[in-house]
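To keep things clear, I will list the structure first and then write my remarks on it.
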Number of protein chains: 2
Amino acid sequence: MTKRTSSITIRDIAREADVSVATVSRYLNQNAFVSPDLSVRIQEVMDQLDYIPQATARHLAMRKKNTVGLLVPNMYNNFFAALLAGIEGVVSKYDYSLLVATCRMNQSGGYQFPLGSHNTDGLLIFADSLSDKQISQLYDRQLPIVLIHKSSTDGVDIPTVTIENKTATRKLIKHLIEDHGRRRILLVRGSENQEDAYWREVGFKEALSEHDIAFDEGLAIRGSFEREIAYNSLKEFLADPNHQEFDAVFTGDDDAAVGIYDALRENGLRIPEEVSVVGFDDSQIAPFLTPPLTTVMAPTEEVGRSAAEQLFRLLDGNIPVPVTLHSTEIVLRSSCGCNMHHSAS
Amino acid sequence: MTKRTSSITIRDIAREADVSVATVSRYLNQNAFVSPDLSVRIQEVMDQLDYIPQATARHLAMRKKNTVGLLVPNMYNNFFAALLAGIEGVVSKYDYSLLVATCRMNQSGGYQFPLGSHNTDGLLIFADSLSDKQISQLYDRQLPIVLIHKSSTDGVDIPTVTIENKTATRKLIKHLIEDHGRRRILLVRGSENQEDAYWREVGFKEALSEHDIAFDEGLAIRGSFEREIAYNSLKEFLADPNHQEFDAVFTGDDDAAVGIYDALRENGLRIPEEVSVVGFDDSQIAPFLTPPLTTVMAPTEEVGRSAAEQLFRLLDGNIPVPVTLHSTEIVLRSSCGCNMHHSAS
DNA sequence: CTGAAAGCGCTTACAG
DNA sequence: CTGAAAGCGCTTACAG
């Protein structure tokens, strides 16, 4: 690799402007008074030589990188863009840089994370990018961290920002039961270890028990919040001649809903006449599905924003909010059985 | 801000292991032979002290940041996730870090880009994040750059990776003319300065002229590749009692198509019976629109990947490919009038 | 208000 | 193969 030589340094400026490097530095950072005439001279030389201070040197001298990192399991996720938009906004507001990287769990287990105290001042960790053990390691090393869509484990107290999964799901299922008379609702499970999945399932069960409906393991399949997986699970389920009958399905998330729609349709089950379907996320495609999907809206960009804000509290030495729980709301479209003659919007 | 003190440094390791810092450095980087016994001692001490080398110091010493940047106009764009996924993959393959930032054009005009030679070794610039002038400035300072979905201006030769817009659009329009007998096709324009928009319009016009259809300015409206804008433009167009009749619309991109669908529907125009509609991008929602949208598929992740690869060629001192043009292909669904009885997939 | 000098935590010729 | 020392390009006490 060719070494990039930015050639012109603070020393060049100092020499040409006939001042000390300290003065140039002070002028640059505006953190001490520099007399007007020197200021003018320095600025002129800087313009003339097209000087750009090297961030790296500055960071080393200040023992501070002015950079935060975002770790995600992958970049394909539907709401990744919104999350990043929220984060980037506040990061740039604080004049920090943003490093992003992916990191799947079960890695070698070594210390080599792409992001850490070696290259950032703090980290935003999304869902299950890292194992609890890996998170504790970073935490033990005093790296400021905030968790997104995941809560802190016992012992460590890392601020968390996430969304309300349980109550929203409960409302969604109650809606199915109370307003559409559904009682045999198929649960499409998310991955284990995934906290959103966990709480959605809890909310699901609470709604059932509120209506004295026993939860039936025979009415639960795997979906993993993925379209293909949900599709295959349901096809398999339906292929079993002894499968339980059902009149609704909670797909876990909108992505899975697409697979569920396909499987249902292929088996001649009409939505919502024979089977109501509801999802979670209110992703971009939800309103365009046929029928438009009833789901739960989560303020993803806002989640990104507040996660970043918490991280800056930490960096500023302020006490962060331990748990930020963003509220969600159900959005009724037609897949549950509501307003059947509306068009997509 | 609290200054983070990672406390333990290479000097601590050297002292404890009773070797010189040079040796620790060599062991760390594996760039010179270090005798087995010293290696063992060093490794032990490192494990014991939980040592992590500071990237910043390393970068300063090596005059190389091992970091590349991605500049985008905003993060909301539909295909941003795929682009980023492609880029991140190769960046991490080369053991580099990835900085992302947004940058709207008309900024103060000063030199203060969030990303530049001060904090990266090279830059990926997407579409119109920066003005040509700003790009030349970076180029003049020798910063390795590759442009995505935008080509280099005269004088500077910066590698570009983009997609085939013109031919695909021409095929799409030809399809409308030849297979569906459309001849009065409304053009929904993208923003000026936007290169994709430019070439799509060229392709559009070529297809018309191949069939001896004169391009009619009265049959062109503004869309800007945005749903709202396209919607409003078309509403306005239709509200004009003297507007030209049309039997098809090329929406410029899929996002705009959503607005066009709405406006058409509100005016009682049936798709595709009365008006064929075609888009560009093959975004996630395209197959779910009603009717499913005929459009053009672009390999966005691949674009990200190859842009990053070109940047690394530059960083490695290799000669880059001046222009990488990824091919696109039209995907026929029902909004043009094809296979009307298929379901979305 | 300004400067000389030490220091941030690494790497890398230069000797041996 | 290993070490002493200079240097990367900044910042910041410490004096004056």
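Every chain is numbered from 1 and lettered A, B, ... according to where its sequence line falls, protein lines coming before strand lines. Just so you know, these numbers use all the heavy atoms, side chains as well, and skip hydrogens, waters and symmetry mates.
Taking 4.0 angstrom as the limit, A:Y51 places none of its side-chain polar atoms (N or O) nearer than this to OP1 or OP2 of D:dG9. Taking side-chain N and O atoms only, A:T23 has a distance below 4.0 Å to OP1 or OP2 of C:dG3. For the pair B:S35 and D:dT2, the criterion of a side-chain N or O lying under 4.0 Å from OP1 or OP2 is met. Residue B:T9 places no side-chain N or O under 4.0 Å from the OP1 or OP2 atom of C:dG9. Regarding contacts with the backbone of D:dT11, a side-chain N or O of A:S25 is found under 4.0 angstrom from either OP1 or OP2.
For B:R305, the salt bridge (Lys or Arg N to Asp or Glu O under 4.0 Å) criterion is met by B:E301, B:E302, not counting sequence neighbours.
A:D37 has its CG atom 12 Å from the P atom of C:dC1, to the nearest Å. Summarising the geometry, the separation between NZ on A:K64 and C1' on D:dG9 is reported as 18 Å, rounded to the nearest angstrom. Distance B:M62 CE to C:dC10 C1': 10 Å, rounded to the nearest Å. Between the CZ atom of B:F33 and the P atom of D:dG3 there is a distance of 15 Å, given to the nearest Å. Rounded to whole angstrom, the span from the NZ atom of B:K65 across to the C1' atom of D:dG9 amounts to 10 Å. In this structure, the CE atom of B:M46 is 11 Å from the P atom of C:dC10, given to the nearest Å. For the pair B:R58 CZ and D:dC10 P, the computed distance is 20 Å after rounding to whole Å. Note: CZ (B:R26) to C1' (D:dG3) measures 7 Å, nearest angstrom.
Among the candidates B:I125, B:T324, B:V161, the single residue satisfying the side-chain contact (heavy atoms from CB on, under 4.5 Å) test with B:V146 is B:V161.
Where B:A61 and B:V19 meet DNA chain D, the nucleotide closest to each residue was compared, and B:V19 sits on the side nearer the 5' end. Take the nearest nucleotide of DNA chain C for B:N31 and for B:A57: the residue whose nucleotide is more 5' is B:A57. Comparing A:V34 and B:V24 by the nucleotide of DNA chain C whose heavy atom lies nearest to each, the residue mapping closer to the 5' end is A:V34.
Residues A:N66 and A:R58 bring no donor and acceptor atom of their side chains to less than 3.5 Å of each other.
The distance between the ring centers of B:F126 and B:F79 falls below 6.0 angstrom.
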Side chain to side chain donor-acceptor pair (under 3.5 Å) for A:H326 and A:S306? Distances and angles first, verdict last.
CA-CA 9 Å; A:H326 284 280; A:S306 63; 2.7 Å; yes

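B:L38 comes within 4.0 angstrom of sugar-phosphate atoms only, judged by non-hydrogen atoms across all strands, and of no base.
Side-chain atoms of B:R63 and base atoms of D:dG7 include no donor and acceptor less than 3.5 Å apart.
For D:dG16, the paired nucleotide is C:dC1, the pair qualifying as Watson-Crick or G-U wobble because both relevant distances are below 3.5 Å.
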